[in-house]
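Each remark here refers to the structure printed beneath this line.
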Amino acid sequence: SMNGYDHYMLKEIYEQPDALRNAMRGRLNDQDATAVFGGLNLTPQQLRSVERIILTGCGTSWHSALVGEYLIEELSRIPVNVEYASELRYRNPPIENNTLVFGITQSGETADTLAALNETKRKGHRALAICNVVGSSIAQASDGGVYLHAGPEIGVASTKAFTSQCCILAMLALYFGRMRHMSFETGGRIIEDLRRLPSAVEQALTCDAEVRKVAEKYESATNVLYLGRRYNFPTALEGALKLKEISYIHAEGYPAAEMKHGPIALVDKITPSIFIMPRGTTYDKVLANMEEVKARGGPVIAIASSDDTEIRKIADDVIMIPEVPEFLQPIVSVIPLQLLSYHIAVLRGCDVDKPRNLAKSVTVE
Ligand code: M6R
């Protein structure tokens, strides 16, 4: 049931702190400062010899794959490729030995993801699943994998599956890092950061009333731009997809620095740009991008760190999120974006849980 929430999507947004706790339960090992997974079905030797990881999926799961690319490359130093499952299955790319393929999927029933995994398996590569639904087709077809344990996701718009997938990918990055170069100390720090995550998400959810005001202001927009860099570039894509899916508003996500290469031509006084810019490596650069948009008369909304008081002087609207290390930012910064699309959809009278033209699992090509 909806437990007093108006829609499944809202209930699932609010379930995220618990979903993250469930994703981590029993999987963090302080003794060895690493993560543990019961179902990878590979020997430590096989795992240590992995030289490349391919992450594949569709839609929101493809966005978490993009987050996974940043995570695994930074924390494990293993080269990562991210592929749309629908393209991977027909492209027949040369894949080196010692490549590990992960299919990322909430439902475990997405036809393209299943076919992409089967294609790579046929060619002798190990294919694992990061999946929510136990016993699903993809869970069965894979050589092993990791379950999200996020509980059923009913709303067509994926929310808690995305944040759980990012969390699992962070733990996998820790795991691969610790069997290679990563120090005990760094591993321990990452575990601490992960443990603080559910309460950071709880705190991020308190922005709901603020987000609702922003939704009222922009509910009749026809185009919205979402901009972020590094870990928050996939977050921008995810925010844009959420708005398209349930509000039927055209939205685009870009790495903020790409604006000057074309999309900035779209900016006018009725086209809001949402900058996902918690403090981090590229904060100053993104701030400069925001000023460029402002100078061209575009409304700007900032998703910013809670101690960033300066940003209020520049952005038209600011939504504050708690500070977490950069590698965990997507899990926190996506929260206001999920809520924004939810509130705009409700204000526009859209069917939030069953948006037009969409199905929860896409079992056909
Ligand atoms: O069940 P999956 O994760 O394999 O589904 C993949 C996409 O169909 C899914 O993420 C879709 O994009 C959602 N409606 C996004 O909210």
Side-chain angles (χ1 to χ4, degrees), residues 7-13 15-16 19 23 54-68 82-89 101-118 127-142 145-169 226 234-249 251-253 330 334-335 337-342 344-345 350-365:
H7 299 92
Y8 281 109
M9 182 185 180
L10 192 61
K11 172 178 177 266
E12 289 157 7
I13 289 173
E15 281 172 349
Q16 288 175 110
I54 295 177
L55 302 174
T56 191
C58 305
T60 288
S61 294
W62 181 77
H63 295 155
S64 58
L66 288 174
V67 174
V82 176
E83 308 279 354
Y84 281 115
S86 56
E87 289 300 306
L88 179 60
R89 65 181 292 190
V101 183
F102 279 97
I104 306 179
T105 172
Q106 188 285 130
S107 63
E109 301 298 340
T110 303
D112 283 322
T113 309
L114 178 59
L117 285 191
N118 283 335
L128 302 179
I130 297 172
C131 178
N132 196 31
V133 179
V134 175
S136 56
S137 305
I138 291 170
Q140 287 181 47
S142 60
V146 186
Y147 282 120
L148 305 182
H149 300 309
E153 192 183 65
I154 311 286
V156 164
S158 187
T159 52
K160 63 177 178 173
F162 174 75
T163 44
S164 299
Q165 287 162 346
C166 292
C167 179
I168 299 285
L169 286 158
Y226 287 77
T235 323
L237 297 180
E238 176 60 5
L241 180 62
K242 289 289 90 91
L243 193 70
K244 281 183 259 206
E245 277 191 292
I246 61 165
S247 312
Y248 317 142
I249 295 174
E252 295 287 343
V334 79
I335 304 291
L337 306 182
Q338 295 169 341
L339 288 167
L340 183 65
S341 65
Y342 173 78
I344 292 183
C350 300
D351 188 347
V352 170
D353 285 333
K354 288 202 180 311
R356 70 185 182 201
N357 310 342
L358 293 170
K360 182 61 182 165
S361 26
V362 184
T363 54
V364 291
E365 277 194 49

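Remember, it's 1-based here, ligands and their atoms both numbered in the order they're listed. If you read the sequence from its start, that first residue is 1, and numbering goes on from there.
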For this session: Answer yes if the side chains of Ser158 and Glu153 hold a donor-acceptor pair under 3.5 Å, and no otherwise.
Result: yes
Exercise. Taking the inter-plane angle between the rings of Trp62 and Tyr84 on a 0 to 90° scale, is it parallel (under 30°), tilted (30 to 60°) or perpendicular (over 60°)?
Worked result: parallel
For this session: Do me a favour and list the nearest non-hydrogen protein atom to atom 14 (N) of ligand 1 with residue, atom name and distance?
Result: Glu245 OE2, 2.5 Å
Exercise. Strictly by modelled atom types, are Ser61 and Gln165 linked by a side-chain donor-acceptor pair under 3.5 Å?
Worked result: yes
Problem set entry | Steps toward side chain to side chain contact (heavy atoms under 4.5 Å, CB included) verdict (Leu10, Leu339) | CA-CA 8 Å; Leu10 192 61; Leu339 288 167; 4.0 Å; yes
Seminar exercise, completed: In this structure, atom 8 (O) of ligand 1 is nearest to the protein heavy atom Val362 CG2, 4.0 Å
Problem set entry | ligand 1 contact on Glu109 by region, counting heavy-atom pairs under 4.0 Å | neither
Exercise. Do Glu109 and Ser361 meet the criterion of a side-chain donor-acceptor pair at a distance under 3.5 Å?
Worked result: no
Exercise. Lys242 to ligand 1: N or O pair under 3.5 Å?
Worked result: yes
Exercise. Side chain, backbone, both or neither: which part of Lys360 comes within less than 4.0 Å of ligand 1 when only heavy atoms are counted?
Worked result: neither
For this session: Determine, step by step, whether Glu245 and Ser341 satisfy the side-chain hydrogen bond (donor to acceptor under 3.5 Å, both in side chains) criterion, reporting the C-alpha distance in whole Å, the side-chain angles of both residues, the deciding distance to 0.1 Å, and the verdict.
Result: CA-CA 9 Å; Glu245 277 191 292; Ser341 65; over 6 Å; no
Seminar exercise, completed: Residue, atom and distance of the protein heavy atom nearest atom 4 (O) of ligand 1 read Thr110 OG1, 2.4 Å
Exercise. Any idea which atoms of ligand 1 are less than 4.0 Å away from a heavy-atom of Ala157?
Worked result: 16 (O)
Exercise. Among all protein non-hydrogen atoms, which one is nearest to atom 9 (C) of ligand 1, and what is the separation to 0.1 Å?
Worked result: Thr60 N, 4.1 Å
Exercise. Does ligand 1 have any atom that is closer than 4.0 Å to a heavy atom of His63?
Worked result: no
Seminar exercise, completed: Looking only at non-hydrogen atoms, the one of Gly57, Cys58, Gly59 nearest atom 6 (C) of ligand 1 is Cys58
For this session: Please round to the nearest 0.5 Å and tell me the distance separating atom CZ of Arg89 and atom CG of Asp112.
Result: 5.0 Å
For this session: Quick one: look up the protein heavy atom nearest atom 1 (O) of ligand 1 and list residue, atom name and how far away it is.
Result: Ser107 OG, 2.7 Å
Exercise. Going by the order shown, which atoms of ligand 1 are within less than 4.0 Å of some heavy atom of Gln106?
Worked result: 1 (O), 2 (P), 3 (O), 4 (O)
Exercise. With a 4.5 Å limit on heavy-atom distance, are the side chains of Leu243 and Tyr226 in contact?
Worked result: yes
For this session: Check ligand 1 against Ser61 and write out every atom of the ligand that is under 4.0 Å from a heavy-atom position of the residue.
Result: 2 (P), 3 (O), 10 (O)
Exercise. Quick check: does any side chain N or O of Ser64 sit under 3.5 Å from a backbone N or O of Phe162, one acting as donor and the other as acceptor?
Worked result: no
